[in-house]
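Only one structure is covered here, and it is reproduced in the block below.
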Amino acid sequence: MNFNEKCYGVLSKVPKGKITTYKLIAEALNTKAYRAVGNAMNKNPYAPEVPCHRVVNTDGRVGGFASSTEKKIILLKKEGISIKNSRIQDMKRYLYRP
DNA sequence: CGGTTGACCAAGT
DNA sequence: GACTTGGCCAACC
């Protein structure tokens, strides 16, 4: 099992309507490679299976997305998360921590 | 094997 | 708030 698969494994546990952060994923894997986690998401071969759009930055920013940040925001809004100016509103409310 | 790159983070200005 | 700096770790030349 390589690093990326572990990331996908953790991410797939995030329920719909909630979000998590790159840092939390790294912590769940018992490592500090939040940056490498971002790389893993960018590749994301398990596209529909792994909801990579539910991963945001620790400071409440949405972060990036392979297609476009806008697309990510739309998806999150559809899940019931309010976003303003690429930032999560009330992130604590939606945050899912392992 | 070293250097660069990123969907990052924390602390400083 | 916004922007900069230094640090971090895996993947890829």
Side-chain angles (χ1 to χ4, degrees):
Chain A
M1 205 173 195
N2 52 38
F3 181 79
N4 292 20
E5 303 236 345
K6 290 191 200 168
C7 297
Y8 306 138
V10 174
L11 183 52
S12 62
K13 290 183 207 137
V14 180
K16 179 185 169 201
K18 297 246 174 181
I19 59 179
T20 187
T21 74
Y22 297 96
K23 182 176 181 185
L24 285 176
I25 293 177
E27 293 277 316
L29 298 178
N30 212 34
T31 178
K32 292 145 199 136
Y34 5 86
R35 233 169 158 182
V37 173
N39 269 319
M41 294 306 109
N42 188 24
K43 318 238 175 143
N44 191 19
Y46 298 77
E49 193 182 332
V50 175
C52 45
H53 61 274
R54 288 185 200 146
V55 189
V56 300
N57 292 9
T58 305
D59 51 14
R61 268 218 157 222
V62 185
F65 198 56
S67 315
S68 71
T69 318
E70 294 260 334
K71 206 72 169 157
K72 182 169 177 178
I73 293 175
I74 301 295
L75 286 171
L76 288 173
K77 278 193 171 183
K78 277 199 170 191
E79 306 221 339
I81 298 170
S82 36
I83 299 177
K84 182 121 185 178
N85 255 345
S86 301
R87 284 177 217 123
I88 309 287
Q89 305 297 298
D90 265 334
M91 184 175 147
K92 289 188 192 180
R93 185 168 72 186
Y94 305 109
L95 191 58
Y96 169 81
R97 359 175 198 221

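- Annotation: of the two residues near DNA chain C, A/N39 and A/Y34, the 5′-most nearest-nucleotide partner is A/Y34.
- Computed from coordinates, the A/L29 CG to C/dC8 C1' distance equals 15 Å when rounded to whole Å.
- Two residues are said to be in side-chain contact when any heavy atoms from C-beta on lie closer than 4.5 Å; A/V10 and A/V37 fail this criterion.
- Across all strands, A/F3 comes closer than 4.0 Å only to sugar-phosphate atoms, never to a base (heavy-atom distances).
- Summarising the geometry, the separation between CG on A/N30 and C1' on C/dC9 is reported as 14 Å, rounded to the nearest angstrom.
- Note on A/K23: a side-chain N or O is less than 4.0 Å away from OP1 or OP2 of B/dA10.
- When rounded to the nearest whole Å, the span between CZ of A/R61 and P of B/dG6 equals 18 Å.
- A sub-4.0 Å separation between OP1 or OP2 of B/dC9 and a side-chain N or O of A/N57 is present.
- Side-chain contact between A/T31 and A/F3 is present, with heavy atoms from C-beta onward closer than 4.5 Å.
- The nearest whole Å value for the distance from the OH atom in A/Y22 to the P atom in C/dC8 is 21 Å.
- The CG-P distance, from A/N42 to C/dC12, rounds to 11 Å in whole Å.
- Distance A/D59 CG to C/dC3 C1': 13 Å, rounded to the nearest Å.
- Within the structure, a side-chain polar atom (N or O) of A/T58 is placed less than 4.0 Å from OP1 or OP2 of B/dC9.
- For A/R87, counting side-chain heavy atoms from C-beta on, the closest listed nucleotide (C/dC9, C/dA11, C/dA2) is C/dA2.
- At least one side-chain nitrogen or oxygen of A/K43 sits closer than 4.0 Å to the OP1 or OP2 atom of C/dC12.
- Counting any heavy atom pair closer than 4.0 Å across all strands shown, A/A36 reaches a base atom.
- Rounding to the nearest 0.5 angstrom, the gap separating the CG atom in A/L11 from the CG atom in A/L24 is 11.5 Å.
- Screening A/K16, A/R54, A/K18 against A/E79 for a salt bridge (Lys or Arg N to Asp or Glu O under 4.0 Å) leaves a single residue, A/R54.
- As a whole-Å value, the separation of A/R35 CZ from B/dT5 P is 11 Å.
- Distance A/K32 NZ to C/dG6 C1': 17 Å, rounded to the nearest Å.
- Residues A/F65 and A/C52 form a side-chain contact, since some pair of their non-hydrogen atoms from C-beta on lies under 4.5 Å apart.
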